[in-house]
Number of protein chains: 2
Amino acid sequence: MEIQQNIKIAVDAIVFGYNDNTLNVLLIKQKFGALKNQWALVGGFVHDQETLHDAVNRELKEESGIKVNYLEQLYTFGDDIDRDPRFRVVSVAYFALVNSTKFTLKADTDAEDAQWFPINNLPPVAFDHAQIITLAYQRLQSKLTYKPIGFDLLPREFLFSELENLYCTILEKDIDRRNFRKKVLSFGIIEETDKFGNKKSGRPAKLYKFNRSKYNQFIKDGFHFQIKLDKKKK
Amino acid sequence: MEIQQNIKIAVDAIVFGYNDNTLNVLLIKQKFGALKNQWALVGGFVHDQETLHDAVNRELKEESGIKVNYLEQLYTFGDDIDRDPRFRVVSVAYFALVNSTKFTLKADTDAEDAQWFPINNLPPVAFDHAQIITLAYQRLQSKLTYKPIGFDLLPREFLFSELENLYCTILEKDIDRRNFRKKVLSFGIIEETDKFGNKKSGRPAKLYKFNRSKYNQFIKDGFHFQIKLDKKKK
DNA sequence: ACAAAAGTGTTAATCTTACACCCATGT
DNA sequence: ACATGGGTGTAAGATTAACACTTTTGT
C-alpha cells in the first residue's frame with residue numbers, strides 16, 4: 001500500500017537565554033534559501049534517518065553552536081497550510097533553555113548571523129515564527145511556576161537575587177523577597193556553596209546551586225514544586 | 001531548492017469516554033492495511049490540503065462516527081524511526097473527550113469495529129499506541145486538576161455524585177464529598193437545574209450543569225480553577 | 001422500618017500574605 | 001558616613017483538611 005503525501009517535516013527551536021535581567025530569544029539569519037536575510041528561529045528539515053530530537057540538536061549545532069540545558073517538545077504547527085509559501089510544511093517546535101552567559105554565539109555552517117534578542121524587542125521574524133515564540137513564552141511562564149526549570153537559565157552557581165529577578169522578569173510580577181526565599185528554601189532543593197558572588201556594591205551574597213537529585217527525591221516523596229508570585233508588576 | 005524527504009505524517013486520536021464509573025478509550029479494528037485485525041487508535045495519514053485538526057476530525061468521523069466535546073494536540077511521536085514497520089511515520093497525537101453515553105459507535109467506512117475499552121483493561125494495541133495512551137492518560141489526570149475538562153466527559157446535565165466519581169476514578173484518589181462539593185461550588189461555574197436524576201435508590205439528587213460563560217468570566221477575573229484530591233485510593 | 005444515596009457545618013491545622021529593619025561591603 | 005544590595009521574623013488572614021449526622025426517597 002502506497003501513501004501519496006507531499007508534506008515536509010521540519011523542526012524549529014525556540015531557545016531562551018537569560019542575561020542582565022533580560023529574557024532573550026535566539027534568532028538566526030540564514031545565508032541561503034528562502035529565509036535569506038530574514039530573522040528566524042533555528043530550524044530545518046528532518047532527515048529521513050534522524051529522530052526529531054536529533055534533528056533539533058543538529059540544527060542547534062549547525063546554526064548556533066549552542067548546547068542547551070533543557071529541551072522539550074512544544075507544539076506541532078500544521079494547521080496553517082500555507083505557513084511556508086514554497087510548499088506545505090508541518091513544523092514540530094521545540095522549546096529550549098540555555099545559560100546564555102556560557103556561550104559566545106558562533107554562526108556556523110548555515111547561518112550568516114546568530115543573535116540574542118530581548119523577548120520584548122524582537123525584530124520581524126519569518127513565517128509564523130512570532131506566533132511560535134508567543135506560545136513558547138507562555139509555556140515558559142507557566143512551566144516556571146511548577147517545574148524547576150529556572151535553574152536551566154542560570155549559571156550552575158547563582159545568587160539568590162538572580163533567581164528572584166529571573167522569576168520577576170519572566171513572570172512579569174513583583175515579588176516579596178522574604179516570602180520568595182522562604183518558599184524556595186523550604187523545598188530543600190537548592191543548597192549554599194561556600195562561595196560568594198562578585199557584585200560591585202553592597203553586601204556580598206552567597207552563591208547557591210540547584211541539587212537535582214534532592215529535587216528528584218522531593219518529587220518521589222510526593223511533594224509539589226510550586227512558586228506563585230501574586231502581586232502584579234507596576 | 002528541492003527538499004528530499006521521505007517521511008509520512010499521520011494523526012492519531014486518543015478518545016476518552018466515561019461511563020458507569022469507568023474511564024474508557026476508543027479503539028478500532030481496521031478492515032484494510034497493515035493494521036488489519038489489530039486494535040489501534042483512530043488515526044491515519046494527513047491529506048496534502050488538509051489541516052492537522054481537519055485530519056483528526058475526518059478520521060474520527062470515518063472510523064467511529066463520534067463527535068468529540070474536547071480536542072487538543074497531545075504530542076508528536078517521531079523519535080522512534082521504526083515505529084511503523086512499513087516506512088517512517090511521524091504521528092501527531094490528539095487527545096479527545098466525549099460524553100460516551102450519547103453515542104452508539106458506528107464503525108464507518110474504514111473500520112471493521114470500534115469499541116470502548118476500560119483504561120485499566122486494554123487489549124494489545126498496534127505500534128507504540130500503548131505508550132501514546134499512557135501519555136494521554138497522564139495528561140488527562142493532570143489537566144483535570146487545573147482545567148474544567150471533566151464536564152466534557154459527562155452529559156450536559158449531571159449529578160454531583162457523577163462528578164465526584166469521575167474525579168475519584170480518573171485521579172485514582174479518595175475524596176471527601178463535603179470538601180469537594182464546597183470547593184467546586186465556590187468557583188461559581190456550575191449551576192443547579194430544577195431537574196432531578198433518576199437513580200433507582202436513595203434520595204433523589206439535583207442535576208447540575210457547567211456554565212462555560214461563568215467559567216470564562218472567572219478566568220478573566222484572574223481566578224484559578226484548581227481541584228486537588230489528596231487522599232490516596234486504598 | 002430499613003436500605004441507599006444526598007445533603008450539610010464546624011473546628012483545627014496549615015499555608016500565604018503583608019510588612020521593615022539591620023548587616024556587610026565598597027567608595 | 002553613605003550608598004548598595006543581602007539577609008532575616010512575625011502576626012493576621014485565607015485556605016485546606018478532618019470529621020458524622022440528618023434527609024429523602026423506594027422497597
Side-chain angles (χ1 to χ4, degrees), chain A residues 20-21 145-146 154 157-169 171 173-188 190-209 218 221-234, chain B residues 20-21 145-146 154 157-169 171 173-188 190-209 218 221-234:
Chain A
D20 298 324
N21 294 349
T145 68
Y146 67 90
L154 290 175
E157 301 190 333
F158 54 86
L159 302 173
F160 228 103
S161 58
E162 294 174 318
L163 187 65
E164 279 169 24
N165 278 321
L166 184 146
Y167 270 84
C168 291
T169 304
L171 298 181
K173 295 273 174 76
D174 273 339
I175 204 172
D176 180 297
R177 285 167 52 231
R178 279 172 289 190
N179 291 341
F180 179 80
R181 173 183 276 255
K182 240 181 302 176
K183 167 69 85 162
V184 173
L185 288 175
S186 74
F187 296 139
I190 75 170
E191 53 192 32
E192 281 184 33
T193 67
D194 48 6
K195 287 172 241 154
F196 287 82
N198 55 349
K199 282 263 178 68
K200 36 270 149 203
S201 76
R203 173 176 172 176
K206 283 181 206 131
L207 287 165
Y208 289 81
K209 63 182 176 194
F218 174 81
D221 293 345
F223 293 101
H224 270 288
F225 179 85
Q226 169 130 274
I227 290 180
K228 290 182 285 196
L229 306 184
D230 295 62
K231 293 197 293 180
K232 290 191 190 106
K233 207 167 191 177
K234 65 267 137 180
Chain B
D20 299 323
N21 294 349
T145 67
Y146 66 91
L154 290 175
E157 302 191 333
F158 53 86
L159 302 174
F160 227 103
S161 58
E162 293 174 318
L163 187 64
E164 280 168 25
N165 278 322
L166 184 146
Y167 271 83
C168 290
T169 304
L171 298 181
K173 296 271 175 76
D174 272 341
I175 204 171
D176 181 296
R177 285 169 52 232
R178 281 173 288 190
N179 291 341
F180 179 79
R181 172 183 276 253
K182 240 180 303 177
K183 166 69 86 163
V184 172
L185 289 175
S186 75
F187 297 140
I190 75 170
E191 53 192 31
E192 280 183 34
T193 68
D194 48 6
K195 287 170 240 154
F196 286 82
N198 56 349
K199 283 259 179 70
K200 37 268 148 202
S201 77
R203 174 175 171 176
K206 283 181 205 129
L207 287 165
Y208 288 81
K209 63 182 175 194
F218 174 81
D221 294 344
F223 293 101
H224 270 288
F225 179 85
Q226 169 130 275
I227 290 180
K228 290 182 285 195
L229 306 184
D230 296 62
K231 294 197 292 178
K232 291 196 189 100
K233 208 167 190 177
K234 64 265 139 181

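Chain A is the first sequence line, chain B the second, and so forth, proteins listed ahead of strands; every chain is numbered from 1.
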**Message:** Between A:F158 and A:T193, is the side chain to side chain contact (heavy atoms under 4.5 Å, CB included) condition met? List the steps.
**Reply:** CA-CA 10 Å; A:F158 54 86; A:T193 67; over 6 Å; no

**Request:** Output, in order, the C-alpha distance, side-chain angles, deciding distance and verdict of side chain to side chain contact (heavy atoms under 4.5 Å, CB included) for A:F160 and A:L207.
**Result:** CA-CA 7 Å; A:F160 228 103; A:L207 287 165; over 6 Å; no

**Request:** Look at the side chain of A:K173 and the backbone N and O of A:C168, then say whether any donor-acceptor pair between them is shorter than 3.5 Å.
**Result:** no

**Request:** Measure from the side-chain heavy atoms of A:D176 and tell me the nearest of C:dA18, C:dA6, C:dA24.
**Result:** C:dA18

**Request:** Figure out the CD1/P separation between B:I175 and D:dA17, and round it to whole Å.
**Result:** 12 Å

**Request:** Assign each of B:R178 and B:Q226 to its nearest nucleotide of DNA chain D by heavy atoms, then name whichever residue's nucleotide is nearer the 5' end.
**Result:** B:Q226

**Request:** Rounded to the nearest angstrom, tell me the gap between atom CZ in A:F158 and atom P in D:dG6.
**Result:** 14 Å

**Fill in**
Per atom distances to the A:N179 side chain, the nearest of C:dC19, C:dG7, D:dT24 is C:dC19

**Prompt:** Is the shortest side-chain N/O distance from A:S201 to OP1 or OP2 of C:dG26 below 4.0 Å?
**Reply:** no

**Request:** For residues A:F187 and A:F223, establish whether the separation of their ring centroids is below 6.0 Å.
**Result:** no

**Asked** For the pair made of CZ in A:F180 and P in D:dG5, what is the distance, rounded to whole Å?
**Response** 18 Å

**Item:** Which residue lies more 5' along DNA chain C, comparing B:G202 with A:K183 via nearest heavy atoms
**Value:** B:G202

**Nucleotide nearest B:K206 (side chain, heavy atoms from C-beta), chosen from C:dG7, D:dG7, D:dG5** = C:dG7

**Message:** If you only use heavy atoms from C-beta on, which nucleotide in C:dT25, C:dA5, C:dT8 is closest to the side chain of B:R181?
**Reply:** C:dT8

**Item:** Residue mapping more 5' on DNA chain C - nearest nucleotide basis, B:L159 or B:K182
**Value:** B:L159

**Request:** Choose from D:dG5, D:dT16, C:dG7 the nucleotide whose nearest atom is closest to any side-chain atom of B:R203.
**Result:** C:dG7

